[in-house]
**Student:** 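Below is a structure I'd like to ask you about.
Bear in mind that the values here come from a model prediction, so they are computed numbers and not experimental data. So you know, we letter chains A, B, ... as the sequences are listed, proteins then strands, and number each from 1. No hydrogens, no waters, no symmetry mates; every other heavy atom, side chains included, goes into these values.
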Amino acid sequence: MRKSRAAPSLGCFLAKSEPGVYSIDDLARDGKTAWEGVRNYLARNTLRSAKKGDLVLFYHSNAEPSGVVGVAKVAREAYPDPCQFIAGHAYEDPASKPDEPRWSTIDLAFVEKFPSTVSLAALKEDAALQGLEVARKGSRLSVHPVSQAHFEHIVALGRKKKR
DNA sequence: GCCAACGTTGGC
DNA sequence: GCCAACGTTGGC
């Protein structure tokens, strides 16, 4: 396969969601969603670095099996997460001030759902994916960057038909 | 349901 | 600024 020189390189990320809360099927149905509720500074900074059009591996956590189930893209760059100011909301942060919002969200748009899940076990045992954050023992970052090589490798695995 | 990992909070 | 306690995430 030849490598394309024309396309500008896009940022690549991985975002986790519990399918019982919001799954790839929910995203496919909605087309677009706000990625709210990130309350970790490292993950927030990752969100703020995301550019429109960047690609995101959609990962199901606490699933059977857990793993990458599809691809989304950044539809809107970081803006203040409205949930942090809603009294009583699960994602409310009383310490965050409207004139200096602490937490950000981005909008994600559906791109594709893989025919088969690339399970966490498969990610961990793949020699081509060494250093992948989500496969690290104890990794709890809900959003993190992924190298383009890792991204393409995982997409190729996911597009394989089930046998 | 258990527990390891690890971020956050608060006492000092 | 240290560090113990606590809460949360997420695999298993």
Side-chain angles (χ1 to χ4, degrees), chain A residues 11-30 33-50 54-74 78-108 110-147 149-151 153-160 162:
Chain A
C12 301
F13 301 92
L14 181 145
K16 298 177 182 175
S17 183
E18 298 192 32
V21 177
Y22 199 86
S23 72
I24 187 78
D25 293 319
D26 293 325
L27 184 60
R29 180 199 62 217
D30 296 343
T33 193
W35 206 250
E36 297 161 333
V38 169
R39 295 292 179 269
N40 168 288
Y41 287 105
L42 225 85
R44 180 202 70 180
N45 293 343
T46 298
L47 284 186
R48 290 182 177 176
S49 75
D54 284 355
L55 296 170
V56 181
L57 294 169
F58 199 102
Y59 179 93
H60 280 174
S61 59
N62 280 314
E64 293 185 11
S66 292
V68 179
V69 293
V71 177
K73 69 181 174 189
V74 177
Y79 59 97
D81 185 342
C83 301
Q84 67 194 312
F85 303 123
I86 300 172
H89 194 284
Y91 295 142
E92 183 198 7
D93 183 352
S96 182
K97 303 289 171 239
D99 58 339
E100 197 179 342
R102 180 176 292 181
W103 305 112
S104 298
T105 185
I106 60 174
D107 287 355
L108 289 184
F110 177 78
V111 174
E112 70 176 288
K113 180 185 177 182
F114 295 151
S116 60
T117 298
V118 185
S119 70
L120 179 60
L123 296 175
K124 281 182 171 172
E125 72 187 11
D126 196 319
L129 296 175
Q130 285 188 18
L132 182 70
E133 167 64 26
V134 75
R136 222 189 80 239
K137 181 178 162 74
S139 172
R140 294 181 356 186
L141 276 177
S142 55
V143 186
H144 62 76
V146 174
S147 75
H150 284 173
F151 181 91
H153 187 80
I154 293 167
V155 169
L157 292 175
R159 285 178 181 164
K160 282 184 184 170
K162 271 187 225 172

**Student:** Just how far, in rounded Å, is P of B:dA5 from CG of A:L141?
**Tutor:** 16 Å
**Student:** Classify A:L120 by what it touches in the nucleic acid, base, sugar-phosphate, or nothing, heavy-atom distance under 4.0 Å.
**Tutor:**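 Result for A:L120 = sugar-phosphate.
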**Student:** Ring centroids only, cut at 6.0 angstrom: are A:W103 and A:Y41 within range, meaning strictly under it?
**Tutor:** yes
**Student:** Rounded off to whole Å, could you give me the NE2-to-P distance for the A:H60 and C:dG11 pair?
**Tutor:** 12 Å
**Student:** Without swapping roles, check the side chain of A:H150 against the backbone of A:C12 for a donor-acceptor pair under 3.5 Å.
**Tutor:** no
**Student:** Can you tell me how far P of C:dC12 sits from CD of A:E18, to the nearest Å?
**Tutor:**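 For the pair A:E18 CD and C:dC12 P, the rounded distance is 15 Å.
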**Student:** Side chain of A:K16: nearest nucleotide among C:dC12, C:dG10, B:dG7?
**Tutor:**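 From the listed options, C:dG10 comes nearest.
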**Student:** Is A:R136 touching bases, backbone alone, or none of the nucleic acid, heavy atoms closer than 4.0 Å?
**Tutor:**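 Since only primed, P, OP1 and OP2 atoms lie under 4.0 Å of A:R136, the category is sugar-phosphate.
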**Student:** Hey, can you tell me if A:H89 and A:Y91 have their rings parallel, tilted or perpendicular (30° and 60° cut-offs)?
**Tutor:**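 The rings of A:H89 and A:Y91 sit tilted, inter-plane angle from 30° to 60°.
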**Student:** Output the rounded distance in Å from CG (A:D93) to C1' (B:dG7).
**Tutor:** 14 Å
**Student:** Ignoring the backbone of A:K137, work out which of B:dC6, C:dG10, B:dA4 is nearest its side chain.
**Tutor:**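 Nearest nucleotide to the side chain: B:dA4.
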**Student:** A:Y41 OH to B:dG7 P: how many Å, rounded?
**Tutor:**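 Whole-Å distance recorded here is 14 Å.
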**Student:** Quickly work out the A:N62 CG to C:dT9 C1' distance and round it to whole Å.
**Tutor:** 8 Å
